[in-house]
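First comes the structure, then the notes that go with it.
As the structure is a computational prediction, the values presented were derived from the model and not from experiment. Chain identifiers are assigned alphabetically (A, B, ...) following the order of the sequence lines, protein sequences preceding nucleic acid strands; residue numbering begins at 1 within each chain.
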There are 2 protein chains.
Amino acid sequence: METVRVLQIKQSVFANNDAQADKLRAELKEKGLFLLNLMSSPGSGKTTTLTRLIEALKDDLKIGVMEADIDSDVDARTIAATGVKAIQLHTGGMCHLDAAMTRQGLEGLDSGDADLVVLENVGNLVCPAEFDTGAVKNMAILSVPEGHDKPLKYPLMFQVCDVVLINKIDVAPYFDFDLETCTEYIHMRNPKARIFPISARTGEGVDAVAAWLKQEILEWKKGE
Amino acid sequence: METVRVLQIKQSVFANNDAQADKLRAELKEKGLFLLNLMSSPGSGKTTTLTRLIEALKDDLKIGVMEADIDSDVDARTIAATGVKAIQLHTGGMCHLDAAMTRQGLEGLDSGDADLVVLENVGNLVCPAEFDTGAVKNMAILSVPEGHDKPLKYPLMFQVCDVVLINKIDVAPYFDFDLETCTEYIHMRNPKARIFPISARTGEGVDAVAAWLKQEILEWKKGE
């Protein structure tokens, strides 16, 4: 392969959001509300996956959903059709949510005695990873058509995620996607990341994710 | 469909980048260097498309490429293998390039008497759209697996683009993607946007894009 020159461009500095996130997390712990932050590129299947997860979990858990988008309300409408409480957050062009914005969303959702609230973050593999929302767990989705090299190019997203769903495995035969290589790249970024191959369209693999999430919530409620 | 409450979250304010962009554009005009800003989500096929465009154009134009990524240099290496001058820009976590960063890239590329330099922006459908890079034209790629609703959710990207390539049309039979609806949504955002369906993998449709780009460069050089 060719060698090329690499030029490092300066990074901007973000205001400290971590204290806000810790404060929110502590308050949610008091209330027994498990917040899950769901992140991915545009179009990797966040809403479809979430619909499947809700189907698998809604008999056991009271669920709320916050759909963050720059514009449109199609996702919140899709989620509301499942019967759970849903709110659409418009970010006014912002590319991510921080803890203060997540707090506004939770107040707007008025989730009451929910066990689980899912924040579907803005479709973006870069910025959302930089801001702790106050969530207990971060979940990322990477879909087969995006390619298995994404953990190389977007390191932070995979570093901050507790679990990665590899979505659209039903179309894997039509793409040059190698699950083993992808797993290796994800574990380079985060050796502890749990990885679940799924197809949100067919439902394949979703039960395993639901079981994992239910277990995480149980252990968290027990105070671990 | 269900109705849901919409909560508007405050937008942050960006520093003014437009003057820098206009200055860069004027300087590039002096030099006769046409800068094309290529944007898309992660994994929609920017680099593969660019490789195809270079194949179609490199006998007629002297081309340089700047590959912006947060990490890795795989894309610049892929481009360099085509024989054109390429540089990898690492953004240090930044989610976009502005005009000042683009200028650093151009200086690093040292493109000499190139006719065309392509900036492959960070894979992100949100932030790059907010910053004028100084480019003459903005090109976006939307790939079939991402879904035809993306112009609804990411309005600014489609507003600022002169041309949109709908990539991966070879796998359209396996996805719920409607080209007519997608075209309509793009034109809602930008009635003047040129739209080209392509498959960077098979090469289908790429010649039409190359012809369009060559014509744009010719007209621009003539001072239009």
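Both the backbone and the side chain of A/Leu152 come within less than 4.5 Å of a heavy atom in chain B. With a 4.5 angstrom heavy-atom cutoff, A/Lys85 does not touch chain B via any of its atoms.
Side-chain N or O atoms of A/Tyr154 include one that pairs as donor or acceptor with a backbone N or O of B/Gly123 at under 3.5 Å.
For the atom pair SG of B/Cys95 and CD of A/Glu130, the computed distance is 6.5 Å after rounding to the nearest 0.5 Å. How far CD of A/Glu146 is from OG of B/Ser41: 8.0 Å, rounded to the nearest 0.5 Å.
Of the listed residues (B/Val126, B/Val122, B/Val144), the greatest number of heavy-atom pairs within a distance under 4.5 Å of chain A belongs to B/Val126. Comparing B/Asp149, B/Asn124, B/Leu125 by heavy-atom pairs within less than 4.5 Å of chain A, the highest count is held by B/Asn124.
Annotation for A/Phe175 and B/Lys168: closest pair CE2-CD, 4.1 Å, computed over non-hydrogen atoms.
Relative orientation of the A/Tyr174 and B/Tyr174 rings is parallel, given thresholds of 30° and 60° on the angle between their planes.
Other residues, nucleotides and ligands place no more than 12 heavy atoms under 6.0 Å from the NZ atom of A/Lys31.
Salt-bridge formation is detected for the pair B/Lys153/A/Asp75: a Lys NZ or Arg NE/NH1/NH2 atom is positioned less than 4.0 Å from an Asp or Glu carboxylate oxygen. Classification of A/Asp71 and B/Arg189 as a salt-bridged pair holds, one side-chain N sitting under 4.0 Å from a carboxylate O.
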May I have the list of side-chain donor-acceptor pairs in residues 62-69 of chain B shorter than 3.5 Å, sequence neighbours left out?
{"residue": "B/Lys62", "atom": "NZ", "partner": "B/Asp113", "partner atom": "OD1", "Å": "2.3"}
{"residue": "B/Asp69", "atom": "OD2", "partner": "B/Gln88", "partner atom": "NE2", "Å": "3.3"}

